[in-house]
Amino acid sequence: EPEVTQTPSHQVTQMGQEVILRCVPISNHLYFYWYRQILGQKVEFLVSFYNNEISEKSEIFDDQFSVERPDGSNFTLKIRSTKLEDSAMYFCASLGTEGQPQHFGDGTRLSIL
Amino acid sequence: AQSVTQLGSHVSVSEGALVLLRCNYSSSVPPYLFWYVQYPNQGLQLLLKYTTGATLVKGINGFEAEFKKSETSFHLTKPSAHMSDAAEYFCAVTSSNRDDKIIFGKGTRLHILP
């Protein structure tokens with residue numbers, strides 16, 4: 001079964017540095033998402049992306065965050081200047097057919113020092 | 001707007017006993033409902049989903065859930081708990097709109113007692 005692939009599995013970054021989290025969605029999917037899960041808390045929606053533009057974003061997704069689909073296969077989440085509170089597990093998801101659930105990757109654990 | 005409420009952040013059951021994890025949802029449009037399981041330091045695995053049709057849905061690992069519109073509930077059950085079921089379980093809702101985001105509940109940690 002096709003999978004959503006996320007790299008790296010764990011990223012450690014100094015506060016204030018830029019970080020890029022990478023995702024390869026399922027190849028024929030058209031809708032892409034990022035979610036975040038702070039340790040011990042629930043999974044929260046960050047942003048959805050369709051047709052090369054943001055469809056919806058949450059209040060968490062401020063100007064420090066950006067998403068991009070640079071080459072038709074990768075889907076990236078960039079945090080421009082990381083803060084301690086950005087430490088979390090970040091999940092990428094993609095969706096193909098209506099009525100089917102979003103497929104989630106295994107996540108990238110981001111640790112900000 | 002949509003929301004999910006999971007009753008009980010921690011549930012403990014004995015091995016072999018019935019598992020019941022409660023979930024209530026709120027949605028202004030017909031909901032699509034999901035249960036996900038998360039093992040420690042791992043990603044989200046879909047257990048089962050309800051979109052349309054039969055209200056009793058069966059998932060992996062012997063789990064099932066019943067969509068009750070009148071009660072706005074989607075409780076997860078398993079007749080006989082196994083030690084390997086110990087994990088965090090998330091109920092989630094989205095709408096039938098094609099690309100809508102998923103809203104997750106706060107999760108219930110299931111403990112299995114020997």
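Order of the sequence lines sets the chain letters (A, B, ...), proteins ahead of strands, with each chain counted from 1. From a predicted model like this one, the values you see are computed outputs, not experimental measurements.
Closest heavy-atom contact between A:K42 and B:F90: CA-CE2, 4.1 Å. Taking all atoms of both residues into account, the shortest heavy-atom contact from A:P101 to B:K49 is CD-CD, 3.4 Å.
Counting heavy atoms of neighbouring residues, nucleotides and ligands inside a 6.0 Å radius, atom NZ of B:K58 does not exceed 12 of them. Atom CD of A:E3 has 12 or fewer neighbouring heavy atoms from other residues, nucleotides or ligands inside a 6.0 Å radius. Around CZ of B:R22, the count of heavy atoms belonging to other residues, nucleotides or ligands within 6.0 Å does not exceed 12. The local environment of CD in A:E85 is crowded, with over 12 non-hydrogen atoms from other residues, nucleotides or ligands closer than 6.0 Å. Counting non-hydrogen atoms of other residues, nucleotides and ligands closer than 6.0 Å to CG of A:L84 gives a total above 12. Within a 6.0 Å radius of CG in A:N28, other residues, nucleotides and ligands contribute more than 12 heavy atoms.
With a threshold of 4.5 angstrom between heavy atoms, B:I102 approaches chain A through its backbone and through its side chain. For A:Q6, no part lies near chain B; criterion is any non-hydrogen pair under 4.5 Å. Looking at B:Q6, neither its backbone nor its side chain comes within 4.5 Å of chain A, counting heavy atoms on both sides.
The stretch residues 106-113 of chain A places A:D106, A:R109 near chain B, each with some heavy atom under 4.5 Å from a heavy atom of that chain.
Applying the ring-ring contact (aromatic ring centres under 6.0 Å, His included) criterion to A:Y35, with sequence neighbours excluded, gives A:F45, A:F104, B:F104. For A:E68, the salt bridge (Lys or Arg N to Asp or Glu O under 4.0 Å) test picks out no residue, with sequence neighbours left out. Annotation: salt bridge (Lys or Arg N to Asp or Glu O under 4.0 Å) contacts of B:E15 (sequence neighbours excluded): none.
Options B:A92, B:G107, B:G105 differ in how many heavy-atom pairs under 4.5 Å they form with chain A, and the most are formed by B:G105. For the set A:Q41, A:Q37, A:H103, the count of heavy-atom pairs under 4.5 angstrom toward chain B peaks at A:Q37.
With B:K101 as the fixed residue, the side-chain hydrogen bond (donor to acceptor under 3.5 Å, both in side chains) test singles out one of A:Q102, A:E44, A:E56: A:E56.
By the criterion of side-chain heavy atoms lying less than 4.5 angstrom apart, applied directly or through intervening Ile, Leu, Val, Met, Phe, Trp or Tyr residues, B:I103 is not grouped with A:F61; the two fall into different hydrophobic clusters.
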